[in-house]
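So that the names make sense, note that chain A is the first sequence line, chain B the second, and so on, each numbered from 1.
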2 protein chains.
Amino acid sequence: MMKNSFKSVIPETTLRRMVYYIRCLNSFKKEGVELIQSEDIAKKCGVKSSIVRKDLSYFGEFGVRGKGYDVASLLDTINGIIKTFGQMNAILVGAGKLGSAIIKHSSENFNVKIVAAFDKDKRKVNKIIEETRIYPLSEIEGIVREKKVKIAIIAIPPSDVQSVVDILVKAGIKAILSLALIPINVPDDVEVSFVDVLSEVEFLFYKLSLRRNR
Amino acid sequence: MMKNSFKSVIPETTLRRMVYYIRCLNSFKKEGVELIQSEDIAKKCGVKSSIVRKDLSYFGEFGVRGKGYDVASLLDTINGIIKTFGQMNAILVGAGKLGSAIIKHSSENFNVKIVAAFDKDKRKVNKIIEETRIYPLSEIEGIVREKKVKIAIIAIPPSDVQSVVDILVKAGIKAILSLALIPINVPDDVEVSFVDVLSEVEFLFYKLSLRRNR
DNA sequence: TTGCTCTTGTTATCACAATCACATAGTATA
DNA sequence: TATACTATGTGATTGTGATAACAAGAGCAA
Ligand SMILES: NC(=O)c1ccc[n+]([C@@H]2O[C@H](COP(=O)([O-])OP(=O)(O)OC[C@H]3O[C@@H](n4cnc5c(N)ncnc54)[C@H](O)[C@@H]3O)[C@@H](O)[C@H]2O)c1
Ligand SMILES: NC(=O)c1ccc[n+]([C@@H]2O[C@H](COP(=O)([O-])OP(=O)(O)OC[C@H]3O[C@@H](n4cnc5c(N)ncnc54)[C@H](O)[C@@H]3O)[C@@H](O)[C@H]2O)c1
């Protein structure tokens with residue numbers, strides 16, 4: 001039923017797991033594996049097989065009952081729906097310690113490519129980290145428009161975040177990932193998320209602390 | 001009703017937000033603010049005030065109707081329940097680019113303190129980053145036991161992660177935050193979580209891609 | 001064709017989380 | 001003391017996600 005069509009709203013949690021499924025499929029493909037089962041994906045991603053099947057079912061019916069999924073065609077179909085086709089270009093603002101670690105990380109991970117980095121420190125401008133050049137802030141708008149980049153990562157101190165966000169939004173960025181812990185104001189059509197290692201560590205502390213003591 | 005006692009199970013989502021509430025309260029306290037309302041916390045943390053009240057209510061009744069919350073006593077009470085008392089000691093394995101960015105980050109954030117870092121690279125051992133000394137892996141067990149550390153952050157390449165996890169678990173670590181994207185095997189009483197910038201970026205790509213096209 | 005095996009896709013259920021709306025209980029004022 | 005006012009705490013409701021269980025479909029063999 002409803003081949004190649006998909007539910008209009010896909011749960012956030014499903015979309016988060018799709019990241020791992022697709023990586024997993026690419027890795028199977030690279031190894032030359034042609035047919036896989038939901039259980040194989042599940043094991044490799046650390047989830048249950050029933051969740052894998054449910055998640056995939058939001059996008060359509062891709063498997064063969066009794067057999068499993070054809071790795072290549074499953075990848076093709078999903079790439080046809082989520083139109084990234086493996087290549088995801090992003091920019092980075094703030095080429096400090098954290099920023100350069102992220103550039104290096106992305107150079108090891110073929111999915112996301114940091115096509116340009118930006119920094120306000122003149123001494124850093126024009127340096128190249130792992131093939132990514134650092135530009136002055138004044139070039140954000142030009143490069144974003146030229147390369148049609150939609151996503152930006154921000155790795156600068158909290159105090160400067162909102163002013164940089166305003167520049168990014170004006171330049172046409174549609175999603176921002178911030179590594180600084182400060183609320184951000186953006187128009188409704190811009191997605192924002194936050195990632196912070198220490199918040200997660202504190203959360204783990206709280207969890208441990210509340211575990212035994214009632 | 002039930003003053004100073006709290007529900008046996010506090011939702012994960014609530015615990016995650018508590019991290020931000022407590023930071024927010026500390027910051028109000030530092031500014032000399034003595035009385036606040038759920039709305040103030042909500043604004044500063046980017047959530048709704050009804051959620052703040054509900055979250056706090058899992059721990060007890062701390063506010064005064066018609067007035068609000070006393071910042072100092074609310075902090076004291078929560079610190080009495082979540083027994084971290086502001087000081088949260090952790091260790092870090094992998095003092096590379098990412099690892100040193102995290103050490104620096106924690107030195108700017110008084111809550112989590114990285115009391116020791118570990119690296120297998122002999123050239124890095126005994127160096128000091130922002131007051132945190134780097135030790136060889138062989139000293140993990142001794143230092144973890146001596147300093148009674150319960151939480152570890154791992155910032156090394158995926159290939160080595162499981163072997164390091166085994167050492168950590170043996171040393172008595174009860175929660176692990178990994179920055180490498182590979183499933184980890186631990187006993188049931190050890191908490192594990194993952195943080196990854198690029199996964200979050202890919203998730204944002206998927207979200208954007210699925211937005212307009214149906 | 002029938003029957004057997006296998007794994008998918010889906011349904012039904014349960015668990016968890018967010019949100020609303022307001023009774024409640026305190027303060028402030030006169 | 002009465003009255004108005006204010007922000008909390010919570011019960012009820014809605015929404016969202018996870019899980020288990022199984023019917024449905026495909027392949028295969030005789
Ligand atoms: N979320 C996390 O998990 C996490 C982890 C580590 C650090 N951090 C935070 O990320 C931020 C950066 O950390 P870091 O270790 O890379 O610091 P850093 O000082 O090494 O680098 C910051 C860089 O940002 C640049 N910069 C500052 N203001 C700028 C602006 N307005 N526009 C463009 N560039 C600007 C600086 O020139 C510098 O190169 C800090 O606020 C830190 O607390 C977050
Ligand atoms: N999750 C994220 O958001 C994120 C971001 C950036 C990088 N990363 C990942 O984190 C890892 C580290 O990144 P990096 O930029 O710091 O790399 P890096 O090479 O600069 O540092 C890695 C460090 O780990 C040490 N190390 C390696 N194996 C070890 C072992 N078995 N025991 C102890 N120490 C060991 C190395 O000596 C080195 O100092 C990489 O796998 C990278 O892909 C994750």
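To the nearest angstrom, P of C:dG9 lies 8 Å from CG of A:Leu56. Atom CG of A:Asp70 and atom P of D:dA26 are 16 Å apart (whole Å). The CZ atom of A:Phe59 sits 17 Å away from the P atom of C:dT8 (whole-angstrom rounding). Here the P atom of nucleotide D:dT8 and the CZ atom of B:Phe62 are 14 Å apart, to the nearest Å. Atom pair B:Ile51:CD1 and D:dT16:P shows a separation of 14 Å (rounding to whole Å applied). Across the protein-nucleic acid pair, A:Leu74 atom CG and C:dT8 atom C1' stand 13 Å apart, rounded to whole Å. The CG atom of A:Asp55 sits 12 Å away from the C1' atom of D:dT19 (whole-angstrom rounding).
When each of B:Ile82, B:Ile81, B:Thr14 is paired with A:Tyr206, the side chain to side chain contact (heavy atoms under 4.5 Å, CB included) condition holds for B:Ile82 and for no other. Screening A:Arg16, A:Arg23, A:Arg17 for a salt bridge (charged side-chain N to carboxylate O under 4.0 Å, His left out) with B:Glu202, the sole residue that qualifies is A:Arg23. B:Val93 pairs in a side chain to side chain contact (heavy atoms under 4.5 Å, CB included) with only one of the listed residues (B:Ile153, B:Val161, B:Leu137), which is B:Leu137.
A side-chain donor-acceptor contact under 3.5 Å links A:Asp40 to the backbone of A:Gln37. With hydrogens and angles disregarded, no donor-acceptor distance shorter than 3.5 Å links the side chain of B:Glu200 to the backbone of A:Ser193.
Contact check for A:Ile114 versus A:Ile91: no side-chain heavy atoms found under the 4.5 Å cut-off.
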Strictly under 3.5 Å: I want the nitrogen or oxygen pairs between protein and nucleotides 1-4 of chain D, one per line.
none

Considering only nitrogen or oxygen atoms on both sides, find all protein atoms under 3.5 Å from nucleotides 20-28 of chain C and state each distance.
{"residue": "C:dT24", "atom": "O2", "partner": "B:Arg65", "partner atom": "NH1", "Å": "2.7"}

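A salt bridge does not link B:Lys104 with B:Glu130: every distance from a Lys NZ or Arg NE/NH1/NH2 to an Asp or Glu carboxylate oxygen is 4.0 Å or more.
When heavy atoms are screened at a 4.0 angstrom cut-off, A:Arg16 is found touching no nucleic acid atom at all.
Every residue two or more places apart in sequence or in another chain that forms a side-chain hydrogen bond (donor to acceptor under 3.5 Å, both in side chains) with A:Asp196 is listed here: A:Ser199, B:His105. Under the salt bridge (Lys or Arg N to Asp or Glu O under 4.0 Å) criterion, A:Lys113 pairs with no residue at all, not counting sequence neighbours. By the side-chain contact (heavy atoms from CB on, under 4.5 Å) test, B:Arg65 pairs with no residue at all, sequence neighbours left out.
Less than 4.0 Å separates DNA chain C from no heavy atom of any residue of residues 29-43 of chain B.
OP1 and OP2 of D:dG17 both lie 4.0 Å or more from every side-chain N or O belonging to A:Tyr58. At D:dT16, none of the side-chain N or O atoms of A:Thr13 fall inside 4.0 Å of OP1 or OP2 (strictly under the cut-off).
Side chain to side chain, B:Lys44 and B:Ser27 meet the donor-acceptor criterion of an N or O pair below 3.5 Å.
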